[in-house]
Amino acid sequence: MPIVRGLPRLKAIIGDLKKKGRTIGFVPTMGALHEGHLSLIRQAAKENDFVVVSVFVNPIQFDRESDFSSYPRGLRSDARRAAEAGCDLIFAPSAGALYPPGFQTFVDVTRLSLPWEGRARPGHFRGVATVVAKLFNLVSPTRAYFGRKDAQQARLVQQLIEDLHFPVILRVRPTVRESGGLAMSSRNSLLSPSERRRASGIFDALQEGGRLIKCGQRRGEAISRRMRVVLRRIPDVKIDYVAVVNPKTLEPLKTVRLPAAILAAVWMGGVRLIDGCVVSTKKG
Ligand code: PAF
């Protein structure tokens, strides 16, 4: 499986696939692939003729240099795991190739970028939207695959696709979890074994929120208060936010209407973890 670094080579391969009428599934990642990514790649392989996975630790979406430099990296093992899951090509550009000297065009999804992750990490979503728009232009995917764990990011990408008329079908896939419930994330590798065990309490809090909604609780604030109680049981956790929101606008729901999204972000030691789920009318 080729690992393509240069834009001209990628363009040539994509151009050839398009000429032959092949469908392209695209899984954008920052590497350190885990089971969550692999499930997206497998799904992309099921639904498309050709699967591209990008591996690019996007510098402009990090608000802290220490977060960028400590982000786990390992292209060789990523390539092996991606190929096993059905990837046909890895696109791993350099930062200089995507942001050459003189680069000055950014994409802002204005309102959806403001709350939650946007407030905690200024400039983060501008970086995400800009790189996703660039990658969509370069890869020309038929379908693009994102995880539901990053609920705000997935919603923002949906808006980006609509607003900029990208001919891309968005597939938002369920969160893959470790056995204790912790959502798979590249950042989990930065947790100590004890932190990793304790972090499964985030899922307990989400489940508690979902349970209350299913039992008929409709006061958003009461639900998030109860979830905070569950989260505070995790030793050494620092809660950033917990919210029950409208999945379309991401605005907090005073009175919960379904479907509703539950979002949570916490710090475990020096690692920031986010998780989320959607509670819909469907059972389960
Ligand atoms: O979710 C991620 O890994 C990143 O935000 C993405 C979508 C690959 C953009 O850099």
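Note that these values count all heavy atoms, side chains included, but never hydrogens, waters or copies made by symmetry. Remember, predicted model here, so these are calculated numbers, not experimental data. First listed ligand is number 1; within each ligand, the first listed atom is number 1.
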Side-chain heavy-atom pair Arg257, Asn246 within 4.5 angstrom cut-off
no
List ligand 1 atoms under 4.0 Å from Phe146, heavy atoms only on the residue side.
7 (C)
Under 4.0 Å from any heavy atom of Gln153, which atoms of ligand 1 are there?
1 (O), 2 (C), 4 (C), 5 (O), 7 (C)
Flag for Ser194-Arg198: side-chain donor and acceptor within less than 3.5 Å:
yes
How far is atom 10 (O) of ligand 1 from the closest protein heavy atom, and which atom is that?
Gln61 OE1, 2.6 Å
Under a 4.0 angstrom heavy-atom cut-off, which atoms of ligand 1 come close to Val131?
9 (C), 10 (O)
Between ligand 1 and Thr29, is the shortest N or O to N or O distance under 3.5 Å?
no
Are Phe62 and Tyr71 an aromatic pair by the rule of ring centers under 6.0 Å?
yes
For the residue pair Tyr99 and Phe56, categorise the inter-ring angle as parallel (less than 30°), tilted (30 to 60°) or perpendicular (more than 60°).
tilted
Side-chain donor or acceptor of Arg155 paired with backbone N/O of Lys248 under 3.5 Å:
yes
With a 3.5 Å distance limit and no angle check, can you tell me whether Asn58 reaches the backbone of Val131 through a side-chain donor-acceptor pair?
no
The answer for which part of Val157 has a heavy atom under 4.0 Å from ligand 1 is neither
Between ligand 1 and Asn58, is the shortest N or O to N or O distance under 3.5 Å?
no
